[in-house]
Number of protein chains: 2
Amino acid sequence: MQTEEEILKIKKVKNTAVRTVVLRHLLSQEKAQSLKDIENALAYTDRSSIFRTLKTFEENKVIHSIEDGSGMTKYAVCAKGCNCDPKDLHYHFYCTNCDKTFCLFDVPIPKIQLPENFKQQQANMVVKGLCDNCNK
Amino acid sequence: MQTEEEILKIKKVKNTAVRTVVLRHLLSQEKAQSLKDIENALAYTDRSSIFRTLKTFEENKVIHSIEDGSGMTKYAVCAKGCNCDPKDLHYHFYCTNCDKTFCLFDVPIPKIQLPENFKQQQANMVVKGLCDNCNK
DNA sequence: GATTTACTGCAACTCGATTGCAAAGATTAC
DNA sequence: GTAATCTTTGCAATCGAGTTGCAGTAAATC
Ligand SMILES: [Mn+2]
Ligand SMILES: [Mn+2]
Ligand SMILES: [Zn+2]
Ligand SMILES: [Zn+2]
């Protein structure tokens, strides 16, 4: 596992106090985090600073965002070497019981045969159901 | 193509003036519609009535909703025989240029191999890029 | 050290979604 | 048919995630 400093250096994002603590929080979580999640976890960091940090991270491929339909965009740290282009994309799983959203890094997304002349740039693939912990 | 009345009868949803006009509008569009889209198209129908109509339609599988990441949930009429279970799902395509969202009824979603003990109930699969009209 | 640029915190604001409530309409019970 | 009951509708108010303006602070550059 890389440190926050290493990741930011590789992605050419200047290291600041807020950025370090936001990235550290994201790295420490097994599930994708919403702005609200991060705000709650970092009691003394302002929401808009976290918001702008997330935008910066996303623009620089430090993290990727997930629209899981919960009403809040979730964020997760990109895998090492990820460029967020179609070949790097992966499914996400949203548990309808416990509200956790996971990156399914191990399940590849197949190449999707689009209609004539459509061009894929990105994708947001969310499977919804029960996670292992809730499916009992 | 079935009429609004036929669809509502099949799906056991009582026919009302608002429901007929909302469903008619959805049927007339090639792209998925947001609440705002519908509100704009139906100048004399109240937003909250449309909103509740969409909820009723979705509960009764008259329509399905799409979270395309545009910030507004989109709605499209279900295909004949659709039960909105995993086998009936299809990809959606969101054009990042013209903001249109399409149902890709003809492209099947493969069965996704989830981690041990995860259970799929639903899915929201959005491919983003340029539609045929914008990819020139 | 002065100047310029980037980051942060606070408050205000936007806008899609949602709800409470009372009036209007439809259905059912007498 | 009329009264009682349930459903739908319209309006206004509210919620909450996301976003922005601005001024103060910190960092980088000259
Ligand atoms: Mn992910
Ligand atoms: Mn669809
Ligand atoms: Zn769960
Ligand atoms: Zn387009």
Side-chain angles (χ1 to χ4, degrees), chain A residues 4-5 8-9 11-26 31-60 62-76 94 99 101 124 126, chain B residues 4-5 8-9 11-26 31-60 62-76 94 99 101 124 126:
Chain A
E4 300 89 50
E5 288 76 13
L8 292 179
K9 190 163 191 183
K11 299 297 172 71
K12 299 186 169 51
V13 176
K14 201 204 301 180
N15 196 352
T16 70
V18 172
R19 289 173 186 175
T20 301
V21 72
V22 169
L23 182 52
R24 180 174 303 151
H25 175 74
L26 288 171
K31 60 163 182 153
Q33 299 286 292
S34 66
L35 174 57
K36 180 67 148 287
D37 289 336
I38 302 169
E39 192 186 355
N40 290 342
L42 310 179
Y44 298 105
T45 309
D46 183 70
R47 177 167 22 107
S48 61
S49 297
I50 300 170
F51 172 77
R52 287 187 267 230
T53 294
L54 292 170
K55 289 289 163 206
T56 301
F57 281 0
E58 193 175 11
E59 280 163 18
N60 291 281
V62 175
I63 62 176
H64 58 274
S65 62
I66 308 150
E67 293 136 12
D68 62 11
S70 67
M72 299 196 281
T73 303
K74 305 288 175 64
Y75 301 89
Y94 176 73
D99 285 323
T101 297
N124 185 62
V126 180
Chain B
E4 301 88 50
E5 288 75 15
L8 293 179
K9 190 164 190 181
K11 298 296 172 71
K12 297 188 170 51
V13 175
K14 202 203 298 181
N15 197 351
T16 71
V18 173
R19 288 174 188 174
T20 299
V21 73
V22 170
L23 182 52
R24 181 174 303 150
H25 175 74
L26 288 171
K31 61 163 182 153
Q33 299 286 292
S34 67
L35 174 55
K36 179 67 146 292
D37 289 335
I38 303 170
E39 193 186 354
N40 290 342
L42 309 180
Y44 299 105
T45 308
D46 182 73
R47 176 167 21 106
S48 61
S49 299
I50 300 170
F51 172 76
R52 286 186 268 233
T53 294
L54 292 171
K55 289 288 163 206
T56 301
F57 282 179
E58 194 174 11
E59 281 162 17
N60 291 281
V62 175
I63 62 176
H64 60 274
S65 61
I66 307 151
E67 293 136 13
D68 63 11
S70 68
M72 298 196 282
T73 302
K74 305 287 175 64
Y75 300 90
Y94 176 72
D99 285 325
T101 298
N124 185 63
V126 180

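Chain identifiers are assigned alphabetically (A, B, ...) following the order of the sequence lines, protein sequences preceding nucleic acid strands; residue numbering begins at 1 within each chain.
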Nearest heavy-atom contact between A:I66 and A:T101 is CG2-CG2, 4.1 Å
Do you know the tightest heavy-atom contact between B:E67 and A:G69?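 Scanning both residues, the minimum pair turns out to be OE1-CA, 3.2 Å.
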For the [atom1] atom of [X] and the [atom2] atom of [Y], what is their distance to the nearest 0.5 Å?
| X | Y | atom1 | atom2 | answer |
| --- | --- | --- | --- | --- |
| B:S48 | B:K55 | OG | NZ | 13.0 Å |
| B:K14 | B:T56 | NZ | OG1 | 10.5 Å |
| B:T20 | B:N15 | OG1 | CG | 3.5 Å |
| B:I38 | B:Y75 | CD1 | OH | 8.0 Å |

Any base atoms under 4.0 Å from A:S49, or only sugar-phosphate, or nothing? Heavy atoms, all strands.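 The answer is base, as A:S49 lies within the cut-off (heavy atoms under 4.0 Å) of a base atom.
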Of C:dG9, C:dC7, D:dC11, the nucleotide closest to the side chain of A:T45 is C:dG9
Given that A:A17 and B:K14 both sit by DNA chain C, which one's nearest nucleotide is further toward the 5' end?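 By nearest-heavy-atom nucleotide position, the 5'-most residue is A:A17.
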In whole angstroms, how far is the [atom2] atom of [N] from the [atom1] atom of [X]?
| X | N | atom1 | atom2 | result |
| --- | --- | --- | --- | --- |
| A:I38 | C:dT8 | CD1 | P | 14 Å |
| B:N15 | C:dG25 | CG | C1' | 14 Å |
| B:Y44 | D:dT9 | OH | C1' | 18 Å |
| B:I50 | D:dT9 | CD1 | P | 11 Å |
| A:E39 | C:dA11 | CD | P | 13 Å |
| A:F57 | C:dC7 | CZ | P | 11 Å |
| B:N40 | C:dC15 | CG | P | 13 Å |
| B:E58 | C:dA17 | CD | P | 12 Å |

Produce a footprint string for nucleotides 16-23 of chain D: one letter per nucleotide, 5' end first; B if the base is under 4.0 Å from any protein heavy atom, S if only the sugar-phosphate is, - if neither. -SBBBBB-
Tell me, with the steps shown, if B:L54 and B:L26 meet side-chain contact (heavy atoms from CB on, under 4.5 Å). CA-CA 10 Å; B:L54 292 171; B:L26 288 171; 4.3 Å; yes
